[in-house]
Amino acid sequence: SSSSQGNSFLVPGATVATILMLGALHARRLYDDKKVEDAREKGLEFEFHPDVKATFLQLLPLRSISRYWGLLTSVEIPVWLRPYVYRAWARAFHSNLEEAAMPLDEYATLRDFFVRSLKEGSRPIDPDPRCLVSPVDGIILRFGELKAAGAMIEQVKGFSYSVSSLLGANSLLPMITEETTHAESSELENTPKDQSNKSWWRVSLASPKVWDPVASSPMKGLFYCVIYLKPGDYHRIHSPIDWNVLVRRHFSGRLFPVNERATRTIRNLYVENERVVLEGQWQEGFMGIAAIGATNIGSIELFIEPELRTNRPRKKFFHSEPPEERIYEPEGVGVMLKKGDEMAAFNMG
Amino acid sequence: STVVLVFQAPVSRSPKNQGSSEFSFCTRKGDRIRVGEALGR
């Protein structure tokens with residue numbers, strides 16, 4: 001009889017333990033955030049500096065921990081307890097419960113609650129056809145134009161990662177050639193009245209019909225934007241513009257945390273981590289979106305490819321393992337998405 | 001978790017037609033943003 005009594009305490013016991021653990025983690029996070037915020041207000045930007053904690057993290061079985069976390073959050077919560085658990089979550093991670101599409105007691109598990117959809121109209125899409133909208137809720141970490149050959153994105157001051165390693169070696173990414181870059185920079189420096197030299201002038205002489213900087217349609221630049229989602233944010237990913245998704249690439253990788261601290265202590269964080277990359281074309285050219293997982297949010301689900309599973313157990317971890325790639329049919333057309341369409345979601349574990 | 005967007009967009013390199021149709025971000029580093037809000041035009 002004692003074992004059966006133990007069983008009846010299992011679920012509430014596990015739930016209380018989870019909440020206590022979350023509370024402790026959150027308190028520590030608040031303290032760290034406060035320190036970073038103070039530094040930021042002073043205009044300080046932390047530089048890249050690996051430390052012992054980051055080295056220790058590399059030794060931990062983070063994928064297994066993440067999957068265990070997913071199992072834990074998949075435990076069905078008694079109906080009467082659900083509102084308390086989700087309100088506690090919302091209070092801890094500043095989620096807006098008013099926007100949840102369903103009543104709280106209809107989310108059977110924390111995982112279901114985490115990937116909740118929102119009430120109709122909660123996220124109006126900017127109607128301007130020339131406007132590119134944010135695919136997620138979050139904080140803008142970095143954005144800009146990629147100019148130099150071997151386009152690099154700054155992870156944090158003092159360390160950058162290459163876009164081609166993030167998107168994959170056979171990405172559809174248009175190459176930024178030295179010539180283009182040179183031509184661009186020379187053009188900026190040399191107004192049309194300065195005809196003396198530079199490869200730009202040579203190009204226009206050699207093939208005046210190909211390129212006339214004054215009359216031709218605008219050139220294309222390559223831009224990037226990095227958005228961080230906090231645990232309490234809405235975790236569904238929407239289409240930023242009307243585009244055709246041509247290819248999906250799944251990198252089975254590490255699951256380091258991706259918080260502010262990790263970005264300045266773990267090298268190549270986004271290239272190391274498990275991620276799903278979608279690439280295709282929009283009216284202005286190339287479009288690529290990388291959804292990068294983390295320890296607590298290791299799963300990336302694609303609504304355009306429901307059968308894809310990420311964060312699967314693997315026998316060995318080969319760093320240079322090529323990504324698993326899928327070309328969407330019909331080839332060259334792929335899956336058409338409209339601006340604002342739901343296309344993917346992050347989930348726990 | 002994190003999302004990285006990489007995309008092509010018009011830029012205008014010629015001083016003469018600067019600004020006519022070049023893409024520019026309308027957000028700032030550290031801004032909070034939500035699904036559907038403008039990132040750039």
Side-chain angles (χ1 to χ4, degrees), chain A residues 123-126 128 130-143 145-146 153 163 166-167 173-174 184 187-188 191-192 213-214 217-229 234-238 240 258 270 282 284-294 297 340 346, chain B:
Chain A
R123 293 292 180 274
I125 306 298
D126 190 311
D128 179 351
R130 299 168 307 148
C131 171
L132 200 114
V133 299
S134 176
V136 288
D137 281 19
I139 294 175
I140 306 283
L141 289 187
R142 299 190 179 283
F143 65 89
E145 186 179 354
L146 299 165
I153 298 178
V163 172
L166 175 75
L167 299 181
L173 186 70
E184 287 170 12
E187 189 186 301
L188 271 178
T191 58
V214 173
S217 63
M219 286 185 63
K220 296 286 175 29
L222 203 57
F223 293 84
Y224 72 92
C225 182
V226 182
I227 304 172
Y228 169 69
L229 294 84
Y234 166 60
H235 267 74
R236 291 191 176 214
I237 305 172
H238 293 244
V258 288
Y270 302 140
W282 71 302
E284 296 300 339
F286 173 79
M287 171 64 74
I289 300 178
I292 302 162
I297 302 165
F346 289 106
Chain B
S1 23
T2 304
V3 166
V4 179
L5 219 60
V6 179
F7 57 95
Q8 263 185 310
V11 290
S12 174
R13 294 288 181 223
S14 151
K16 255 208 180 32
N17 57 11
Q18 196 115 38
S20 59
S21 62
E22 64 181 49
F23 177 82
S24 61
F25 285 98
C26 54
T27 181
R28 287 174 315 178
K29 190 174 166 184
D31 272 5
R32 252 205 86 68
I33 195 159
R34 300 189 342 165
V35 165
E37 290 176 354
L39 264 181
R41 298 180 199 277

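All heavy atoms count here, side chains included; hydrogens, waters and symmetry mates do not. In what follows, chains are A, B, ... by sequence order, proteins preceding strands, each numbered from 1. The model shown is predicted, which means the values in this text are computed figures rather than measured ones.
Between A:I125 and B:G36, the closest heavy-atom pair is CD1-CA, 3.6 Å. Summarising the geometry of B:K29 relative to A:L141, their closest heavy-atom pair is CG-O, 3.0 Å, with the distance given to 0.1 Å. When every heavy atom of A:D126 is checked against every heavy atom of B:R41, the shortest pair comes out as OD2-NH2, 3.0 Å. When every heavy atom of B:F25 is checked against every heavy atom of A:Y224, the shortest pair comes out as CZ-O, 3.2 Å. The two residues B:L39 and A:P135 have their closest heavy-atom pair at CD1-CD, 4.3 Å. Heavy atoms only, all atoms of each residue included: A:E284 and B:A9 are closest at CB-CA, 4.2 Å.
Side-chain atoms of A:S134 and B:L5, non-hydrogen and from C-beta on, never get closer than 4.5 Å to each other.
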Candidate pair B:F23 and A:L132, rule side chain to side chain contact (heavy atoms under 4.5 Å, CB included), full reasoning: CA-CA 10 Å; B:F23 177 82; A:L132 200 114; 4.2 Å; yes
Step-by-step side chain to side chain contact (heavy atoms under 4.5 Å, CB included) determination, A:V163 to B:V4: CA-CA 10 Å; A:V163 172; B:V4 179; over 6 Å; no
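Between A:F223 and B:F7, the two ring planes are parallel [angle under 30°; tilted spans 30° to 60°].
Listed options A:C131, A:C225, A:G285, A:A294 were ranked by heavy-atom pairs under 4.5 angstrom with chain B; first place goes to A:C225.
With sequence neighbours left out, A:L229 forms a side chain to side chain contact (heavy atoms under 4.5 Å, CB included) with A:V136, A:D233, A:H235, A:F346, B:S1, B:V3. Residues satisfying the side chain to side chain contact (heavy atoms under 4.5 Å, CB included) criterion with A:R130, sequence neighbours excluded, are A:D128.
Without hydrogens or angle criteria, A:D137 side chain to B:V35 main chain gives a donor-acceptor distance under 3.5 Å. At least one donor-acceptor pair under 3.5 Å links the side chain of A:W282 to the backbone N or O of B:Q8.
Atom OG1 in B:T27 sits 11.0 Å away from atom CD1 in A:I139 (nearest 0.5 Å). Distance check: A:Y270 OH to B:T2 OG1 gives 4.0 Å after rounding to the nearest 0.5 Å. Atom CD1 in A:I140 sits 4.0 Å away from atom CD1 in B:I33 (nearest 0.5 Å).
Within the 4.5 angstrom heavy-atom criterion, only backbone atoms of A:P124 (N, CA, C, O) approach chain B.
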